[in-house]
K.L.:
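This is the structure I want to talk about, given as structure tokens.
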There are 2 protein chains.
Amino acid sequence: MAVTLKDIARECGVSYSTVSKALKDSPLVTEATKRKIKEKAEQMNYIPNNSARSLVSNRSNTIGLIWPAVDRVAITTLASQINQALKKEGYFMVVSIEDPITAAQKFLELRFDGVIVFDEGEHTTLPTKITKNIPVVAYGVERELDYPIINVNHDLAMKQAIDALIHKGYHQVDYFGDLHTNDIRQIVKKDTFIRHCKQRRITYRMVDSGGLSEESASRAMKSFLANHDLNGGVVCGSYDITMGLLHHVKDTKQTPMIFSYDHIDQFNSIDTPIHSVGVPSHFIAQKLVDVLVDTIETNKVNRSVIQLKPQINYR
Amino acid sequence: MAVTLKDIARECGVSYSTVSKALKDSPLVTEATKRKIKEKAEQMNYIPNNSARSLVSNRSNTIGLIWPAVDRVAITTLASQINQALKKEGYFMVVSIEDPITAAQKFLELRFDGVIVFDEGEHTTLPTKITKNIPVVAYGVERELDYPIINVNHDLAMKQAIDALIHKGYHQVDYFGDLHTNDIRQIVKKDTFIRHCKQRRITYRMVDSGGLSEESASRAMKSFLANHDLNGGVVCGSYDITMGLLHHVKDTKQTPMIFSYDHIDQFNSIDTPIHSVGVPSHFIAQKLVDVLVDTIETNKVNRSVIQLKPQINYR
DNA sequence: TTGTAAGCGTTATCAA
DNA sequence: TTGATAACGCTTACAA
């Protein structure tokens, strides 16, 4: 059915290994024959069979991204930047929204060259059985894993945000984020916020967003505002949570200074100025790709945790 | 490196073709040998090589979803429902966020069994060169394509929404949506809204959301409200646009009756009651999968447009 | 510069 | 009930 190298070879009156070489621009073939073969291939609509290729070369040039919760804006931005970065390195990225183990197992069967996983804690950890068979790199937080992890230095980020608030004259700060969760990234944000407030001896309140979605954050903020004022500075745990808060910011006497996690461009198209802390997502993406490609090519994993330095972005 | 059938065969003292049969539970192998082989395979952490399988069987049991704009909440919900439905049919779903042609080409090379594409107009149309080589089904709107399309009956949906508004006593209705776009789905919504308003001889206004994102919708609504009131009923073009509107609904004298496109559960977790029109996403998902699986199995495309009947959901 | 042939890991057909 | 073997489409020594 599909056109194969043999078909092209027959048409061109050459052997199929010559076609194979010609199509990958091998110097072992005359320019003239190359041209003829390429033309014919194009015209016959030849589509290389990756299964066959991968079988002999052990390379699929495909990377799997594991992303079970396709719903948070900041992560969406990161994903598309990873896609770009991988493309530049010659890889095709494909994402699975299955649970991490299922997805990784399938990627393994498909003989992909590597996997990137958005780590969210225990339930998202890949077992050695899998990770010893394929290069893996995680975007997550610092913890014991047998594959490399890229993450933001949350501790520093919180410190930067709180210090900025103090510097602007605030004597009280609120944290608005997901307080009751297993998501390790959220837990770290919460914990470091508290720790830094204590160190600075500044008054603080913790407001539970009841989840990571904009909707839940909106509800939570509404009921919070029914009994409280927003009179200090506020730090939000994520872009979506910030958006939930913004539904109600009109209700308060005056807009407080808001710092949000996630360093993405979307903040620029909002009227209310939201300052942000975080690592620019294109930077995170590049790092993830660099580390992955490196472990694919050198074939040695380094079980390191790479901390990316956050920046403050005033708007 | 990776364990192959031959490795297992050697360990078990049988031929590798027996192992192959045993592992797929063929009746041609004794229960006893099967058990032994399966145990060994498990213990050796055997991972089937899909490339080899696909090479001989011409089946990869994988479906590619083309979804270049991973950012709209309603679509996210749909994607995960498609994932579920495909899984039930024995397929693994993988998504690409590349542009449609690139993605489809890669899916072809990877010898996936089929592709689902979220159609958004000309720029999202797959050429015959591709579609004659792999079963494709689109989620889109009615237009000339050489592969089947599933879509919502927008005409009926608009009619339902406008009629509901009229029934509730509104004499004026506003449409809030993406007015200047190439996205064929948005164009159809806009056009049918206007047509039905004219037919009903009801006053209407068109408010441009300046895009499909919540942020742009929010900005647009803000500047609209600076000079206008929201005193009629309103129909929003999508979930995200509705969310953008909600940022400002507190500013109006009273909450108008709002109908939104997209029939998803997220509306249930918002305080402001938003009624919706649309086809439940699990229904759309199931239809897409049914049609795709059917064309894969029967191996014959039907170039039909399948219109799904929308429903009104009051909240 | 081009062609021959082995081999990648499976499945499936046929023979034992 | 099991085992040999050809074939899938391709890459890559190696031979011509």
Side-chain angles (χ1 to χ4, degrees), chain A residues 1-38 40-41 44-62 90 106-113 133-134, chain B residues 1-38 40-41 44-62 90 106-113 133-134:
Chain A
M1 31 178 41
V3 177
T4 71
L5 289 186
K6 277 183 188 165
D7 299 323
I8 302 175
R10 196 178 323 108
E11 287 286 314
C12 294
V14 296
S15 80
Y16 69 90
S17 75
T18 303
V19 176
S20 170
K21 286 172 209 151
L23 257 25
K24 21 179 42 71
D25 241 340
S26 158
L28 301 175
V29 182
T30 339
E31 277 307 323
T33 25
K34 261 196 223 175
R35 184 128 33 231
K36 188 177 66 178
I37 290 173
K38 282 182 181 173
K40 207 71 185 171
M44 295 176 76
N45 190 25
Y46 168 70
I47 297 155
N49 186 326
N50 232 304
S51 299
R53 261 188 195 171
S54 149
L55 192 56
V56 31
S57 69
N58 261 311
R59 299 289 254 92
S60 62
N61 297 309
T62 308
K106 284 296 189 176
F107 288 165
L108 225 39
E109 295 179 5
L110 288 164
R111 293 301 190 268
F112 285 174
D113 295 334
N133 283 294
I134 187 170
Chain B
M1 29 179 43
V3 177
T4 70
L5 291 185
K6 279 182 186 163
D7 299 325
I8 302 174
R10 198 178 322 110
E11 287 287 313
C12 294
V14 296
S15 81
Y16 68 88
S17 73
T18 303
V19 176
S20 171
K21 286 172 208 151
L23 256 25
K24 17 180 45 70
D25 240 340
S26 158
L28 302 175
V29 183
T30 340
E31 279 306 323
T33 25
K34 262 196 222 174
R35 184 128 30 233
K36 189 177 66 178
I37 289 172
K38 283 182 180 173
K40 208 70 185 171
M44 293 174 77
N45 190 24
Y46 168 70
I47 297 155
N49 186 326
N50 232 305
S51 299
R53 264 190 191 169
S54 150
L55 192 56
V56 32
S57 70
N58 261 311
R59 300 289 254 93
S60 62
N61 297 309
T62 308
K106 284 297 190 175
F107 288 165
L108 225 40
E109 294 179 7
L110 288 164
R111 292 300 190 269
F112 285 174
D113 295 335
N133 282 294
I134 187 170

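Throughout, protein chains are lettered first and strands after them, A, B, ... in sequence-line order, and every chain is numbered starting at 1. Small disclaimer: the values here were computed from a predicted structure and weren't measured. Side chains included, hydrogens not; waters and symmetry mates left out as well; all remaining heavy atoms used.
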K.L.:
Output the rounded distance in Å from CG (B/Asn58) to P (C/dG9).
P.N.:
20 Å

K.L.:
Rounded off to whole Å, could you give me the CD-to-C1' distance for the A/Glu31 and C/dT2 pair?
P.N.:
15 Å

K.L.:
Using the test salt bridge (Lys or Arg N to Asp or Glu O under 4.0 Å), find all partners of A/Lys6 that sit at least two apart in sequence or belong to another chain.
P.N.:
none

K.L.:
Apply side-chain contact (heavy atoms from CB on, under 4.5 Å) to A/Lys40 and list each qualifying residue two or more places apart in sequence or on a separate chain.
P.N.:
A/Ile8, A/Glu11, A/Cys12, A/Gln43, A/Met44

K.L.:
I'd like to check the side-chain hydrogen bond (donor to acceptor under 3.5 Å, both in side chains) partners of B/Ser15; sequence neighbours left out, ordered by chain and number.
P.N.:
B/Ser17, B/Thr18

K.L.:
What I'd like to find out is whether the side chain of B/Leu55 reaches to under 4.5 Å of the side chain of A/Asn49, using heavy atoms alone.
P.N.:
yes

K.L.:
State which residues pass side-chain hydrogen bond (donor to acceptor under 3.5 Å, both in side chains) with A/Thr62; sequence neighbours excluded, sorted by chain then number.
P.N.:
none

K.L.:
Residues in side-chain contact (heavy atoms from CB on, under 4.5 Å) with B/Arg35, at least two apart?
P.N.:
B/Glu31, B/Glu39

K.L.:
How close or far is atom P of D/dG9 from atom CZ of A/Arg10, stated in whole angstroms?
P.N.:
11 Å

K.L.:
Rounded to the nearest angstrom, tell me the gap between atom CG in B/Asn61 and atom C1' in C/dT11.
P.N.:
14 Å

K.L.:
Which pairs, protein N/O on one side and nucleotides 2-5 of chain D N/O on the other, fall under 3.5 Å?
P.N.:
residue, atom, partner, partner atom, Å
D/dT2, OP1, B/Thr30, OG1, 3.0
D/dT2, OP1, B/Thr33, OG1, 3.4
D/dT2, OP2, B/Thr30, N, 3.0
D/dT2, OP2, B/Thr30, OG1, 2.8
D/dT2, OP2, B/Thr33, OG1, 3.2
D/dG3, OP2, B/Ser15, N, 2.9
D/dG3, OP2, B/Ser15, OG, 3.4
D/dG3, OP2, B/Thr18, OG1, 2.6
D/dG3, N7, B/Ser17, OG, 3.3
D/dG3, N7, B/Lys21, NZ, 3.4
D/dG3, O6, B/Lys21, NZ, 2.7
D/dA4, N6, B/Ser17, OG, 3.0

K.L.:
Could you identify which residues of residues 46-56 of chain B place a heavy atom less than 4.0 Å from some atom of DNA chain D, listed by residue number, or say none?
P.N.:
B/Leu55, B/Val56

K.L.:
What is the separation between atom CG on A/Leu5 and atom C1' on D/dT12, rounded to the nearest whole Å?
P.N.:
13 Å

K.L.:
A/Leu23 has an atom CG; how far is it from atom P of D/dT12, in whole Å?
P.N.:
13 Å

K.L.:
Taking only residues at least two apart or on different chains, which pairs with a member in residues 46-62 of chain B satisfy salt bridge (Lys or Arg N to Asp or Glu O under 4.0 Å)?
P.N.:
B/Arg59-B/Asp113

K.L.:
How bent is the helix from C/dT1-D/dA16 to C/dA16-D/dT1, measuring the angle between the end axes built from five pairs each, rounded to 10°?
P.N.:
50°

K.L.:
Would you please name every residue forming a side-chain contact (heavy atoms from CB on, under 4.5 Å) with B/Ser20, sequence neighbours left out?
P.N.:
B/Leu5

K.L.:
Taking side-chain hydrogen bond (donor to acceptor under 3.5 Å, both in side chains) as the test, write out the residues that go with A/Asn45, two or more places apart.
P.N.:
none

K.L.:
Give one of base, sugar-phosphate or nothing for A/Ser20, where a contact means two heavy atoms less than 4.0 Å apart.
P.N.:
base

K.L.:
Checking side-chain polar atoms at under 3.5 Å, does A/Ser51 have a donor or acceptor matched by the opposite partner on B/Ser54?
P.N.:
yes

K.L.:
Could you tell me which residues satisfy side-chain hydrogen bond (donor to acceptor under 3.5 Å, both in side chains) with A/Lys38, sequence neighbours excluded, listed by chain and number?
P.N.:
A/Asp25

K.L.:
Specify the separation, in whole Å, of atom CD of A/Glu109 and atom P of C/dT11.
P.N.:
11 Å

